[in-house]
Amino acid sequence: VWLRESGGGSVQPGGSLTLSCVTNANSLSIYTMGWFRHESREFVCEISDRGVIHYAETVKGRFTISRVDRNRTLLLHMDELEPTDTATYYCNLRGYGNEAWGQGTPVTVSS
């Protein structure tokens, strides 16, 4: 299984970005997929195989995770971006004995 992120870039504080994560995994709905950031893999948000969503307190109300099964794509829409959101964002998939990480996509929030 592989994952490939895209959509990172530079944005001013208060701006928005949408990150995408494409995978070759079949049936995304059987996996838990999530977004993490920094080399330390700080938890950002995830959507479980049952569709249960969790957000870190630092992004709750600003970030939205969604899954487009037919396109094998995980999305992260980020609003009201802050300089502290600057990081490389990684996509993660786990379940059924599988776990995979993408290569990351960088996000810079700066004026």
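These numbers were taken from a predicted model, which means no experiment stands behind them.
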J.: Is there a side-chain contact between Phe63 and Val44, using heavy atoms and a 4.5 Å cut-off?
T.: yes

J.: Check whether any side-chain heavy atom of Asn92 lies under 4.5 Å from a side-chain heavy atom of Glu99, and answer yes or no.
T.: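 A side-chain contact exists here, since the closest heavy-atom pair is under 4.5 Å.
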
J.: Determine, using ring centers only, whether Phe36 and Trp101 are less than 6.0 Å apart.
T.: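 Between Phe36 and Trp101, which both carry aromatic rings, the centre distance is below 6.0 Å.
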
J.: Under a 4.0 Å threshold between the charged nitrogen and the carboxylate oxygen, would Arg62 count as salt-bridged to Glu80?
T.: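 Salt bridge: no.
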
J.: Would you check if Leu28 and Leu74 make a side-chain contact, meaning some heavy-atom pair closer than 4.5 Å?
T.: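 SC-SC contact between Leu28 and Leu74 ruled out.
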
J.: Just checking, any donor-acceptor pair under 3.5 angstrom between side chains of Asn26 and Arg72?
T.: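 There is such a pair between these side chains.
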
J.: May I ask you to establish whether Arg4 and Trp2 are in a cation-pi arrangement, using a distance under 6.0 Å from NZ or CZ to the six-membered ring centre and at most 45° from the ring axis?
T.: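 Geometry flag: set, cation within 6.0 Å and 45°.
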
J.: What closest approach, in Å, do Ile65 and Ile53 show between heavy atoms, and which atom pair accounts for it?
T.: CG2-CG2, 3.5 Å

J.: If you compare all heavy atoms of Tyr96 against all heavy atoms of Ile30, which two are closest, and at what distance to 0.1 Å?
T.: CE1-O, 3.3 Å

J.: Using 0.5 Å steps for rounding, measure from the CH2 atom of Trp35 to the CE atom of Met78.
T.: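 If I round to the nearest 0.5 Å, the distance is 8.0 Å.
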
J.: Do side-chain atoms of Thr88 reach the backbone of Gly104 as a donor and acceptor pair under 3.5 angstrom?
T.: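 Absent.
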
J.: Are Phe43 and Leu76 connected, step by step, through hydrophobic side chains (Ile, Leu, Val, Met, Phe, Trp, Tyr) whose heavy atoms are closer than 4.5 Å?
T.: no

J.: Find out whether Asn24 and Val1 are in side-chain contact, i.e. whether some heavy atom of one side chain is under 4.5 Å from a heavy atom of the other.
T.: yes

J.: Is the closest basic N to carboxylate O distance between Arg94 and Glu46 below 4.0 Å?
T.: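 Yes, Arg94 and Glu46 are salt-bridged.
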
J.: With side chain to side chain contact (heavy atoms under 4.5 Å, CB included) as the criterion, how do Thr108 and Val11 come out once you've worked through the C-alpha distance, each side chain's angles and the decisive distance to 0.1 Å?
T.: CA-CA 6 Å; Thr108 301; Val11 63; over 6 Å; no

J.: As an exercise, state the distance from NE2 of His77 to OG of Ser20, rounded to the nearest 0.5 Å.
T.: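 With rounding to 0.5 Å, NE2 (His77) is 11.5 Å from OG (Ser20).
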
J.: Taking all non-hydrogen atoms of both residues into account, name the closest pair between Ser48 and Arg67 and its distance.
T.: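 Closest approach of Ser48 to Arg67: O-NH1, 3.2 Å.
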
J.: Show your reasoning for whether side-chain hydrogen bond (donor to acceptor under 3.5 Å, both in side chains) applies to Tyr90 and Glu39.
T.: CA-CA 9 Å; Tyr90 299 90; Glu39 293 298 319; 2.6 Å; yes

J.: Got Leu75 and Leu19 here, is their nearest side-chain heavy-atom distance under 4.5 Å?
T.: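 Result no, sub-4.5 Å side-chain heavy-atom pair not found.
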
J.: Any side-chain heavy atom of Ile47 within less than 4.5 Å of one from Thr32?
T.: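 No, side chains not in contact.
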
J.: Looking at every non-hydrogen atom in both residues, tell me the closest pair between Ala25 and Tyr31 and how far apart they are.
T.: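 Distance-wise, the nearest heavy atoms are CB-CE1, 4.0 Å.
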
J.: For residues Asp85 and Tyr89, report the shortest heavy-atom separation together with the two atoms involved.
T.: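 Heavy atoms only, the tightest pair is O-OH, 2.6 Å.
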
J.: Measuring only between side-chain heavy atoms, which start at C-beta, is Glu5 closer than 4.5 Å to Val22?
T.: no

J.: Any non-hydrogen side-chain atom of Ser110 less than 4.5 Å from a side-chain atom of Gln12?
T.: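 Heavy-atom side-chain distance check fails, nothing below 4.5 Å.
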
J.: Distance-only, no hydrogens or angles: does the Arg37 side chain make a donor-acceptor pair with backbone N or O of Val107 under 3.5 Å?
T.: no

J.: Can you tell me if Thr105 uses its side chain to pair, donor with acceptor, with the backbone of Gly8 under 3.5 Å?
T.: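 It does hold such a pair.
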
J.: With a 3.5 Å distance limit and no angle check, can you tell me whether Thr73 reaches the backbone of Asn71 through a side-chain donor-acceptor pair?
T.: yes

J.: Report the distance from atom CG of Leu17 to atom CG of Asp79, rounding to the nearest 0.5 Å.
T.: 9.5 Å

J.: I'd like to know if the side chain of Ser27 and the backbone of Ser29 have a donor-acceptor N/O pair within less than 3.5 Å.
T.: no

J.: Heavy atoms only: give me the nearest Ser111-Pro13 pair and the separation to one decimal.
T.: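 Scanning both residues completely, I find the closest heavy atoms to be N-CD, 3.7 Å.
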
